[in-house]
Undergrad: 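Quick one: the structure is below, and I'll ask about it shortly.
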Amino acid sequence: MTVRTRFAPSPTGYLHIGGVRTALFNWLFARKHGGQFLLRVDDTDQQRNVAAALEPILEGFRWLGLDWDEGPEVGGPYGPYYQSQRGELYQAAIDELLARGAAYRDYARPEELQAEREAAQAAGGQFTYSRRWRAETPADAARFEAEGRQAVVRLKMPRDGELALGDLVRGEVRFAWASEQDHVIQRADGSCLYHLASVVDDEAMKITHVIRAEEHLSNTPRQAFIARSLGYELPQYAHLPYVAEPGSKTKLSTRKLDKYLKNKDFAALVERGDGIARRLGLATAADTFNPVIVDFYAQIGFLPDALLNYLLLLGWSLDAQREEFSRPQMIEHFSLERVNKAPASFDPQKLLAFQDRAMQQLPLKQKVARCVPFLQRAALVSQPPTCDTGPYLSKILAAAGDRVKMAGDVLDYAEFFLPDDDLPYDAAAFEKRIARPAGARELLAAYAEELAGVEPFEAPALEAHLKEFVERRGIKLADVVHAVRVAVTGKAVGFGLFDALAILGRQRCQRRIARALASLNAG
RNA sequence: GCCCCGUUCGUCUAGUGGCCCAGGACAGCGCCCUCUCACGGCGCAGACAGGGGUUCGACUCCCCUACGGGGUACCA
């Protein structure tokens with residue numbers, strides 16, 4: 001038997017991080033067993049615009065590299081993969097259920113049902129529908145309809161015994177049938193409900209393992225009942241714990257960004273993202289640009305594998321030590337048996353740590369490839385790039401080393417791409433290291449002049465020269481390093497000064513120092 | 001209310017009766033490295049929700065309580 005798993009996104013316009021974790025586990029399980037992973041669009045509830053609302057979700061999957069074997073765009077033998085297009089199948093299943101006596105037409109009015117429910121609750125017991133308005137015969141139906149009633153189709157749930165299910169994450173779970181309701185599977189207007197559609201589709205698409213969030217655990221009995229009544233073989237179930245808010249056990253939600261912003265780690269991540277987005281001129285509205293939505297990470301230059309690696313560890317672990325997994329390793333080691341039962345809270349700092357490490361390990365060439373688009377979007381590099389963009393950026397990234405923690409961080413080094421005359425100065429740094437120190441002006445002038453004789457104009461020679469320079473003058477290295485850094489890069493912080501000088505080249509360094517001195521005079 | 005699921009350092013977790021006066025990672029704190037910022041090195045601190053059992057022995061098994069989550073919809 002081939003393993004087949006699915007993820008059923010609703011076309012909501014964005015890909016939620018918790019959803020990705022569920023999708024990842026489904027994908028991993030299918031890949032590990034050489035099976036198929038499919039995407040099925042859960043648009044039973046949607047109006048138009050499904051395509052537009054689905055696109056960002058598919059884009060998220062593509063960015064993450066979670067490929068689907070069947071579903072939107074790729075098709076497959078069990079299509080259509082949009083639930084809104086599968087109505088006939090659902091209707092056939094409902095007819096079948098009715099014919100087999102596993103469902104019935106019910107003419108109760110909502111308020112009548114509500115009254116029964118409240119009475120049961122007041123009595124302190126479980127609610128069991130009296131089935132008073134159930135139509136047993138066409139004559140019953142005609143009578144009810146004469147009263148102006150409309151029918152829904154309800155499941156005729158068992159009222160004795162229990163259902164024992166083997167859940168791949170939770171072990172055996174038991175439910176008493178008596179505590180189940182006669183759930184509606186088709187509304188009066190003929191539209192059908194999620195549980196019915198889901199069961200019918202899983203069967204039609206030959207899904208073998210239903211791996212989903214734990215909020216569906218309590219829904220499983222009614223789905224199992226539908227499946228059994230229709231003569232289906234039950235799939236294997238695995239209910240994953242939910243992903244919780246940072247520092248809490250409450251389920252993570254897309255619409256509570258304001259609340260999460262009060263969490264300092266979450267706020268710090270958003271801040272990082274905003275910094276990059278601002279320089280790219282991107283919109284940063286909370287409902288589209290925030291760490292609960294996957295697109296956030298794509299936009300600021302995360303490595304998809306880092307996000308996936310972090311998400312993998314949110315609820316799953318291999319052993320006491322191992323945390324780093326390449327994609328093939330994830331596939332190799334993943335198992336549902338090692339999925340945790342308790343919810344895990346989303347920790348922005350740990351996610352960042354995974355990203356840092358993944359970026360450190362990324363070969364320079366690939367780092368360059370990931371950064372170029374960001375420079376282009378910020379209009380710091382031409383589109384397409386010239387042939388020396390690559391080598392030039394390589395030098396910068398090599399010098400920056402671990403400081404570039406996500407591709408968008410390359411924008412921290414804009415000074416290497418700006419014309420000398422456009423270089424902005426950090427006002428505080430300029431004041432502290434150039435304007436205020438007594439001898440800074442003379443020192444910078446002398447240094448700029450001596451730069452003419454440094455050969456070769458490379459980091460080791462520059463360093464040797466500056467050491468000799470400060471020794472000759474009887475001053476400390478720091479006295480001149482900081483002033484030169486601000487003059488040449490405009491900033492108080494950055495990577496090794498000698499690397500910066502070498503990358504910019506002699507002329508630009510001299511010109512920039514001269515400009516700093518000039519603006520000192522002007523100011 | 002009723003039914004179901006869960007509960008180990010701040011966070012992610014290891015642990016399936018003795019290997020645990022509980023191990024690792026992230027964050028935190030301290031020191032070191034240092035031209036700034038990062039990186040890195042070394043070290044410190046920090047948890048079995050509570051109460052009852054069972055057992056020679058319980059983080060591990062059972063029960064209760066508390067807390068969190070889900071279901072109980074003509075939501076998904």
Side-chain angles (χ1 to χ4, degrees), chain A residues 8 10 12 42 44-45 83 106 108 110 113-114 117-118 120-127 150-154 167 169-171 173-176 178-181 183-189 191-195 197-198 213-222 239 241-242 244 246-251 264-265 310 313-324 338 340-354 356-357 360 400-405 409 412 429 433 463 466 470 476-486 489 491-498:
Chain A
S10 291
T12 52
D42 180 356
T44 44
D45 215 27
Q83 293 193 316
D106 182 61
L113 213 57
Q114 189 53 30
R117 222 177 252 130
E118 279 165 13
Q121 231 189 65
Q126 290 184 356
F127 167 58
Q150 286 193 311
V152 297
V153 177
R154 283 186 189 279
D167 187 283
V169 169
R170 279 148 216 279
V173 185
R174 315 182 82 94
F175 301 88
S179 55
E180 286 295 316
Q181 309 299 322
H183 300 103
V184 172
I185 52 175
Q186 186 172 36
R187 298 182 181 96
D189 68 4
S191 61
C192 76
L193 281 98
Y194 167 78
H195 297 291
S198 176
E214 76 169 298
E215 55 256 39
H216 290 284
L217 183 58
S218 307
N219 296 154
T220 309
R222 74 186 81 157
H239 288 95
Y242 61 90
S248 136
K249 290 286 179 217
T250 309
K251 198 173 138 190
K264 119 177 133 22
D265 300 332
Y310 171 71
L313 274 307
L314 213 52
W316 178 89
S317 67
L318 180 63
D319 55 33
Q321 303 293 137
R322 181 97 178 264
E323 292 208 323
E324 248 184 284
R338 292 202 58 85
N340 246 60
K341 295 183 186 69
S345 85
F346 175 75
D347 180 354
Q349 287 190 312
K350 188 139 184 171
L351 205 209
L352 241 14
F354 273 89
D356 287 3
R357 190 168 51 196
Q360 282 175 8
D402 301 336
R403 276 161 274 239
V404 175
K405 296 172 191 298
D409 284 344
D412 287 342
R433 320 245 66 145
E463 181 164 9
L466 187 64
V470 297
K476 285 181 296 185
L477 193 69
D479 293 335
V480 34
V481 162
H482 296 300
V484 174
R485 183 193 303 284
V486 174
T489 69
K491 297 174 181 170
V493 300
F495 51 73
L497 177 67
F498 305 111

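Chain identifiers are assigned alphabetically (A, B, ...) following the order of the sequence lines, protein sequences preceding nucleic acid strands; residue numbering begins at 1 within each chain. Not measured: the values here are computed from a predicted model.
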Undergrad: If you compare every side-chain N and O of R174(A) against the phosphate oxygens of C4(B) (OP1, OP2), does one of them come in below 4.0 Å?
TA: no
Undergrad: How is H239(A) classified with respect to the nucleic acid when contacts are heavy atoms under 4.0 Å: base, sugar-phosphate, or nothing?
TA: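 No contact.
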Undergrad: Just to be sure I understand the rule, does D356(A) reach a base, reach only the sugar-phosphate, or reach nothing, if contact means heavy atoms closer than 4.0 Å?
TA: nothing
Undergrad: When the distance from OH of Y194(A) to C1' of U72(B) is rounded to whole Å, what number comes out?
TA: 17 Å
Undergrad: Given G23(B), C3(B), A27(B), identify the nucleotide with an atom nearest to the side chain of A320(A).
TA: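 The answer is G23(B).
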Undergrad: Identify the nucleotide, in any strand shown, that forms a Watson-Crick or G-U wobble pair with C59(B), with both distances under 3.5 Å; if there is none, say none.
TA: none
Undergrad: Given C12(B), A73(B), C39(B), identify the nucleotide with an atom nearest to the side chain of Q360(A).
TA: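 Minimum distance to the Q360(A) side chain belongs to C39(B).
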Undergrad: If I take atom CZ in residue R322(A) and atom P in nucleotide A14(B), what distance separates them, rounded to the nearest angstrom?
TA: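 Rounding to the nearest Å, CZ of R322(A) and P of A14(B) are 15 Å apart.
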Undergrad: Starting from C1' on C12(B), measure out to CG on L352(A) and report it in whole angstrom.
TA: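 Checked: the CG to C1' distance equals 15 Å.
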Undergrad: In whole angstroms, how far is the P atom of C39(B) from the CZ atom of F495(A)?
TA: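 Rounded to whole Å, this separation is 16 Å.
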Undergrad: Select base, sugar-phosphate, or nothing to describe what Q349(A) touches, counting heavy atoms under 4.0 Å on all strands.
TA: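 It contacts sugar-phosphate atoms only.
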Undergrad: Scan R485(A) against the nucleic acid and name what it touches under 4.0 Å (heavy atoms): base, sugar-phosphate only, or nothing.
TA: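 Touches a base.
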Undergrad: May I ask you to verify if any side-chain N or O of N340(A) is less than 4.0 angstrom from the OP1 or OP2 atom of U7(B)?
TA: no
Undergrad: Using a 4.0 Å heavy-atom cut-off across all strands, classify F498(A) as base, sugar-phosphate, or nothing.
TA: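 Base contact - F498(A) has a heavy atom under 4.0 Å of at least one base atom.
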Undergrad: If you look at every strand shown and take non-hydrogen atoms under 4.0 Å, does V152(A) touch a base, only sugar-phosphate, or nothing?
TA: base
Undergrad: Tell me whether the OP1 or OP2 atom of U36(B) has a side-chain N or O from R433(A) closer than 4.0 Å.
TA: no
Undergrad: Considering non-hydrogen atoms only, spot the tightest contact between A188(A) and Q150(A) and give its length.
TA: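 The pair with the smallest heavy-atom distance is CB-OE1, 3.9 Å.
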Undergrad: Do the charged groups of K341(A) and E214(A) touch, with an N to O distance under 4.0 Å?
TA: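 Salt bridge: no.
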Undergrad: When you measure from the side-chain N and O atoms of R338(A) to the phosphate of U13(B), is any distance below 4.0 Å, counting only OP1 and OP2?
TA: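 Checking R338(A) against U13(B): no side-chain N or O falls below 4.0 Å of OP1 or OP2.
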Undergrad: Both distances below 3.5 Å, Watson-Crick or wobble geometry, any strand: find the nucleotide opposite G1(B).
TA: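 Base-paired to U72(B).
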Undergrad: Can you tell me the pairing partner of A47(B) across any strand shown, Watson-Crick or G-U wobble, with both distances under 3.5 angstrom?
TA: none
Undergrad: Would you mind telling me which of U11(B), C74(B), G68(B) lies closest to the side-chain atoms of Y242(A)?
TA: G68(B)
Undergrad: Which nucleotide wins on minimum distance to the side chain of R170(A), given the candidates G10(B), C5(B), A38(B)?
TA: C5(B)
Undergrad: Would you indicate what F175(A) reaches in the nucleic acid, counting non-hydrogen atoms under 4.0 angstrom: base, sugar-phosphate, or nothing?
TA: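 Since only primed, P, OP1 and OP2 atoms lie under 4.0 Å of F175(A), the category is sugar-phosphate.
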Undergrad: Of the options C4(B), G70(B), G69(B), whose atoms approach the side-chain atoms of V173(A) most closely?
TA: C4(B)
Undergrad: For K341(A) and G15(B), what is the distance between atoms NZ and P respectively, to the nearest whole Å?
TA: 11 Å
Undergrad: Where the side chain of L477(A) is defined as all heavy atoms beyond and including C-beta, which of C35(B), G71(B), A27(B) is the nearest nucleotide?
TA: C35(B)
Undergrad: For a quick test of reading the model: is some side-chain N or O of S317(A) closer than 4.0 Å to OP1 or OP2 of A14(B)?
TA: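 Yes, because at least one side-chain N or O of S317(A) sits under 4.0 Å from OP1 or OP2 of A14(B).
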Undergrad: Find the distance Q186(A):CD to A73(B):C1' and express it as a whole number of Å.
TA: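 Value for this atom pair: 17 Å.
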Undergrad: Looking across every strand, which nucleic acid part, if any, lies under 4.0 Å from K405(A) by heavy atom: base, sugar-phosphate, or nothing?
TA: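 Sugar-phosphate contact only.
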Undergrad: Name the nucleic acid region contacted by L314(A), choosing base, sugar-phosphate or nothing; use a 4.0 angstrom heavy-atom cut-off, strictly under.
TA: sugar-phosphate
Undergrad: Checking base pairs now: Watson-Crick or wobble, both atom distances under 3.5 Å. What partners C9(B)?
TA: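 C9(B) is paired with nothing.
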Undergrad: By a 5.5 angstrom centroid cut-off and a 30 degree plane limit, is there stacking between H216(A) and A76(B)?
TA: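 Whether judged by distance or by angle, H216(A) passes, so it stacks on the base of A76(B).
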Undergrad: Counting Watson-Crick and G-U wobble pairs only, both distances under 3.5 Å, name the nucleotide matched with U54(B), or none.
TA: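 Looking at the geometry, U54(B) pairs with no nucleotide.
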Undergrad: If C33(B) has a Watson-Crick or G-U wobble mate with both distances under 3.5 Å, name it; if not, just say none.
TA: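 Across any shown strand, C33(B) pairs with none.
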Undergrad: Quick one: does R154(A)'s side chain have a donor or acceptor within less than 3.5 Å of a partner on D106(A)'s backbone?
TA: no
Undergrad: Out of G70(B), G24(B), A76(B), which has the shortest distance to the side chain of K251(A)?
TA: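 Selected nucleotide: G70(B).
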Undergrad: Return no unless some side-chain N or O of S179(A) is found under 4.0 Å from OP1 or OP2 of G71(B).
TA: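 S179(A) to G71(B) OP1/OP2: no side-chain N or O under 4.0 Å.
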Undergrad: Choose from G69(B), A76(B), A38(B) the nucleotide whose nearest atom is closest to any side-chain atom of D402(A).
TA: A38(B)
Undergrad: Within this structure, what is the CD-to-P distance between E463(A) and C35(B), rounded to whole angstrom?
TA: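 My rounded result for the distance is 8 Å.
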Undergrad: Paired with C21(B) by Watson-Crick or G-U wobble geometry, both distances under 3.5 Å: which nucleotide is it?
TA: none
Undergrad: Can you check side-chain hydrogen bond (donor to acceptor under 3.5 Å, both in side chains) on S248(A) and T250(A), steps first, answer last?
TA: CA-CA 6 Å; S248(A) 136; T250(A) 309; 3.2 Å; yes
Undergrad: L318(A) CG to C12(B) P: how many Å, rounded?
TA: 19 Å
Undergrad: Contact class for A188(A) (heavy atom, under 4.0 Å): base, sugar-phosphate, or nothing?
TA: base
Undergrad: From the set C74(B), A76(B), U36(B), return the single nucleotide nearest to any side-chain atom of V493(A).
TA: U36(B)
Undergrad: Nearest to the R222(A) side chain among C26(B), U72(B), G70(B), which nucleotide is it?
TA: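 Comparing C26(B), U72(B), G70(B) against the side chain of R222(A), the answer is U72(B).
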Undergrad: Please determine if a side-chain N or O atom of K249(A) lies less than 4.0 Å away from the OP1 or OP2 oxygen of C12(B).
TA: yes
